[in-house]
Amino acid sequence: MNNVMLEHIMDVLPTVLEKNKKLFKDKSKKKDWYHRRKYFLDKNSKFLYNVRREVKEKYDEDYSEAELFAMQKLYLLYPDTLPKKLLSLPWEIIKIILNLYSIDKRKFYTDLALEYQWDESKLEFYILNDLYEKYLGLIQEINDYHALTQKNVIPRMMEIQTLLYEEL
């Protein structure tokens, strides 16, 4: 996906939403989590169908609903300004990072993915092995950020986890 298309999609999402203001208004009587989620997913599928149609008309490109959902997530997480560092990563890596709830966590993995040029499997490995949480634990234990950076703890932690990764 190129930047022009990304910018267009970021413009199309709010435009389509504006045209369909009532689309996400829940009129169902059932208010439990399951029914609300089902209702949202049904409505969001219709919404993404409209976005897909507009993108296809303008660029003659056809994206899957999963791809558009990832682009929608990018827009919702960063409605004002898209982070340049994140966008400099490959799209497959961006999609993984978008699944992280915490802004700090997304920034942490974005920085490391850029610095160490991770592919998707490496990124997933470190996320699943809680590198971020271990890093936070070390900061709390040491309670001195300068000591932490001077001891090169993050590269060492990654080294250890990489050895584990290679054994799998």
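These values consider heavy atoms only, across backbone and side chains, with no hydrogens, waters or symmetry-generated copies. For reference, positions follow the sequence shown, starting with 1.
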Trainee: Atom CG of Leu74 and atom CG of Leu87: how far apart are they, to the nearest 0.5 Å?
Mentor: 6.0 Å
Trainee: Can Lys95 and Glu67 be counted as an ion pair, charged N to O under 4.0 angstrom?
Mentor: yes
Trainee: So how far is it from Ser121 OG to Phe125 CZ, rounded to the nearest 0.5 Å?
Mentor: 10.0 Å
Trainee: Between Arg52 (side chain only) and Tyr63 (backbone N and O only), is there a donor and an acceptor less than 3.5 Å apart?
Mentor: yes
Trainee: So, are Lys46 and Asp42 salt-bridged, with charged N and O less than 4.0 Å apart?
Mentor: no
Trainee: Of all the heavy-atom pairs spanning Asn129 and Lys134, show the shortest one and how long it is.
Mentor: O-NZ, 3.0 Å
Trainee: To the nearest 0.5 Å, how far apart are CG in Leu48 and CZ in Phe69?
Mentor: 7.5 Å
Trainee: Is it true that atom CD of Gln117 has more than 12 heavy atoms of other residues, nucleotides or ligands lying nearer than 6.0 Å?
Mentor: no
Trainee: Rounded to the nearest 0.5 Å, how far does CZ of Arg106 lie from CG of Leu98?
Mentor: 7.5 Å
Trainee: Does any N or O in the side chain of Asp119 come within less than 3.5 Å of the main-chain N or O of Lys122, such that one atom is a donor and the other an acceptor?
Mentor: yes
Trainee: I'd like to know whether Asn44 forms a side chain to side chain contact (heavy atoms under 4.5 Å, CB included) with Gln72, so could you lay out the CA-CA distance, the side-chain angles of the two residues, the decisive distance to 0.1 Å, and finally the verdict.
Mentor: CA-CA 10 Å; Asn44 202 45; Gln72 179 185 31; 2.8 Å; yes
Trainee: Using 30° and 60° as the class boundaries, would you call the ring planes of Tyr132 and Tyr109 parallel, tilted or perpendicular?
Mentor: tilted
Trainee: A quick test of your reading: do over 12 heavy atoms of other residues, nucleotides or ligands sit less than 6.0 Å from NZ of Lys73?
Mentor: yes
Trainee: How many angstroms lie between CG in Leu123 and CG in Leu112, if you round to the nearest 0.5 Å?
Mentor: 9.5 Å
Trainee: Run the numbers on Asp60 and Lys56 for salt bridge (Lys or Arg N to Asp or Glu O under 4.0 Å), then give the verdict.
Mentor: CA-CA 4 Å; Asp60 200 28; Lys56 191 171 184 175; over 6 Å; no
Trainee: Can you check side chain to side chain contact (heavy atoms under 4.5 Å, CB included) on Leu86 and Tyr78, steps first, answer last?
Mentor: CA-CA 11 Å; Leu86 180 65; Tyr78 304 101; 3.8 Å; yes
Trainee: Do Tyr116 and Leu114 sit in one hydrophobic cluster, given that two such residues count as connected whenever their side-chain heavy atoms are within less than 4.5 Å of each other, even indirectly?
Mentor: yes
Trainee: In terms of side-chain heavy atoms, does Ser102 have a donor or acceptor partner in Asp104 at a distance below 3.5 Å?
Mentor: no
Trainee: In the structure I gave you, are the side-chain heavy atoms of Leu82 and Tyr75 within less than 4.5 Å of one another anywhere?
Mentor: no
Trainee: To the nearest 0.5 Å, how far apart are OG1 in Thr110 and CD1 in Ile96?
Mentor: 11.0 Å
